[in-house]
Amino acid sequence: TMKNPMVQAAASLLEKLLFLVHVRPLPAGSRKEPPPAPGYYDTSCFKRGDLLEVPRTLFIHFGIYLGENRVAHLMPDILPAVTGDRQQIQQVVTNKRLILGVITKTASIRVDTVEDFAYGGSILVNHMDRLFEDQVLGSEEAARRAEKLVGATAYSLLWNNCEHFVTYCRYGAPVSFQTDKFCETVKMIIRDQRSVLASMLVGLASIVCLGLAPSTTLPTIFIPFFLWMAG
């Protein structure tokens, strides 16, 4: 858990922005863009239990292939929290449902066709296996884990997202490298800002202790200070 207020603020901002990764932009003059037609993807190369990745502009969407053109994946969705109508819930998640799911931190682990899951994006298969070496579970075990979790669930873009779901199913441990990378980036930014602040304080101390001319020293000190404040 991140306790630093700056990290928490950055995480909160990210949670408000990252859901745009999942929002499917609608074409001009159209109310809804249909997914690719069935058969758009060659599923003959997929095996039950495979981990599927769909790279997007900034992040990656993940799912577990269940066979017969079905993929289990975690999506933010408000509908499972307000109704038990499975037929209604199973309809393709709209932007409104997705956004409300992010806001209320509710989601659904659902089963969709490969076309609905990937929505026209390219698919990578078991690309994460190289990072886990001997931790890869059996394909059938991965698929069964995914099937058992189908249904409503809590949601967090940073702590319980689609990557946590698939890594638990295929590798036995819920992790998210995207989250880890973001947290490390935030920590680096904080460390850099602290370094600038420390340099400014050293400069001010030199003025007091060494009697340096303010006219030449102050601009050098306060330029990084203002940059630090602006960041």
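Closest approach of Ala142 and Gly49 over heavy atoms only: CB-O, 3.9 Å. Contact record, Leu158 with His164: O-CE1, 3.3 Å, taken as the closest heavy-atom pair. Ala146 approaches Leu66 most closely through the heavy-atom pair CB-CD2, 4.1 Å. Heavy atoms only, all atoms of each residue included: Gly63 and Val71 are closest at CA-CG1, 3.9 Å. Pairing each heavy atom of Ser176 with each of Asn161, the nearest pair is OG-ND2, 3.6 Å. In plain terms, the two heavy atoms of Val93 and Pro76 that are nearest each other are CG1-O, 4.0 Å.
Under a hydrophobic-cluster definition in which Ile, Leu, Val, Met, Phe, Trp and Tyr are linked whenever side-chain heavy atoms come within less than 4.5 Å, directly or via other members, Phe117 and Leu124 are assigned to different clusters. Clustering ILVMFWY residues whenever any of their side-chain heavy atoms sit less than 4.5 angstrom apart, transitively, puts Val102 in a cluster other than the one holding Leu100. Hydrophobic clustering (side-chain heavy atoms under 4.5 Å, transitive across Ile, Leu, Val, Met, Phe, Trp, Tyr) keeps Ile103 apart from Ile78. When hydrophobic clusters are built by joining Ile, Leu, Val, Met, Phe, Trp and Tyr residues whose side-chain heavy atoms come closer than 4.5 Å, directly or via intermediates, Met75 is grouped together with Tyr155. Hydrophobic clustering (ILVMFWY, side-chain heavy atoms < 4.5 Å, transitive): Val166 and Leu137 are in distinct clusters.
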Without placing hydrogens or testing angles, list every side-chain donor-acceptor pair under 3.5 Å for residues 147-154, not counting sequence neighbours.
from, atom 1, to, atom 2, distance (Å)
Glu147, OE1, Arg48, NH2, 3.0
Glu147, OE2, Arg48, NH1, 3.0
Glu147, OE2, Arg48, NH2, 3.2

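Two residues are said to be in side-chain contact when any heavy atoms from C-beta on lie closer than 4.5 Å; Leu52 and Val125 meet this criterion. For the pair Phe132/Thr167, a side-chain contact is recorded, criterion being any heavy-atom separation below 4.5 Å from C-beta on. In this structure, the side chains of His61 and Glu53 stay at 4.5 Å or more apart for every pair of heavy atoms. Side-chain contact between Thr83 and Ile89 is present, with at least one heavy-atom pair separated by less than 4.5 Å. Contact annotation: the side chain of Ser108 never approaches that of Leu74 to less than 4.5 Å [non-hydrogen atoms, C-beta and beyond]. Contact check for His73 versus Asp112: side-chain heavy atoms found under the 4.5 Å cut-off. Ser139 is not listed as a side-chain neighbour of Lys47, based on a closest heavy-atom distance of 4.5 Å or more. Residues Val54 and Ser122 are not in side-chain contact: their nearest non-hydrogen atoms beyond the backbone lie 4.5 Å or more apart.
Not counting sequence neighbours, Tyr168 has no partner by the ring pair (Phe, Tyr, Trp, His ring centres under 6.0 Å) test. For Tyr40, the ring pair (Phe, Tyr, Trp, His ring centres under 6.0 Å) criterion is met by no residue, not counting sequence neighbours. Judged as a salt bridge (charged side-chain N to carboxylate O under 4.0 Å, His left out), and not counting sequence neighbours, Asp50 has no contacts. In terms of the salt bridge (charged side-chain N to carboxylate O under 4.0 Å, His left out) criterion, residue partners of Glu141 (sequence neighbours excluded) are, by chain and number, Arg145. Shown here are the ring pair (Phe, Tyr, Trp, His ring centres under 6.0 Å) partners of Tyr65, two or more places apart in sequence or in another chain: Phe46. Taking Asp85 as the reference, nothing meets the salt bridge (charged side-chain N to carboxylate O under 4.0 Å, His left out) condition, with sequence neighbours excluded. With sequence neighbours left out, the side-chain hydrogen bond (donor to acceptor under 3.5 Å, both in side chains) criterion links Arg130 to His127. Applying the side-chain hydrogen bond (donor to acceptor under 3.5 Å, both in side chains) rule to Thr104 yields the partners Thr106; only residues at least two apart in sequence or on another chain are considered. Not counting sequence neighbours, Tyr41 has no partner by the ring pair (Phe, Tyr, Trp, His ring centres under 6.0 Å) test.
Looking at Gln88, its side chain never comes within 3.5 Å of a backbone N or O of Pro80 through a donor-acceptor pair.
Distance check: Asn69 CG to Ser44 OG gives 11.5 Å after rounding to the nearest 0.5 Å. Asp134 CG to Tyr171 OH: the interatomic distance, rounded to the nearest 0.5 Å, is 12.5 Å. Summarising the geometry, atom CD1 belonging to Ile123 is positioned 11.5 Å from atom CG belonging to Leu51; distances are rounded to the nearest 0.5 Å.
Within the structure, salt bridge (Lys or Arg N to Asp or Glu O under 4.0 Å) pairs that include any residue of residues 89-104 comprise Asp77-Arg97 (at least two apart or interchain). Within the structure, the salt bridge (Lys or Arg N to Asp or Glu O under 4.0 Å) test picks out the following pairs touching residues 168-178 (sequence neighbours left out): Asp129-Arg170.
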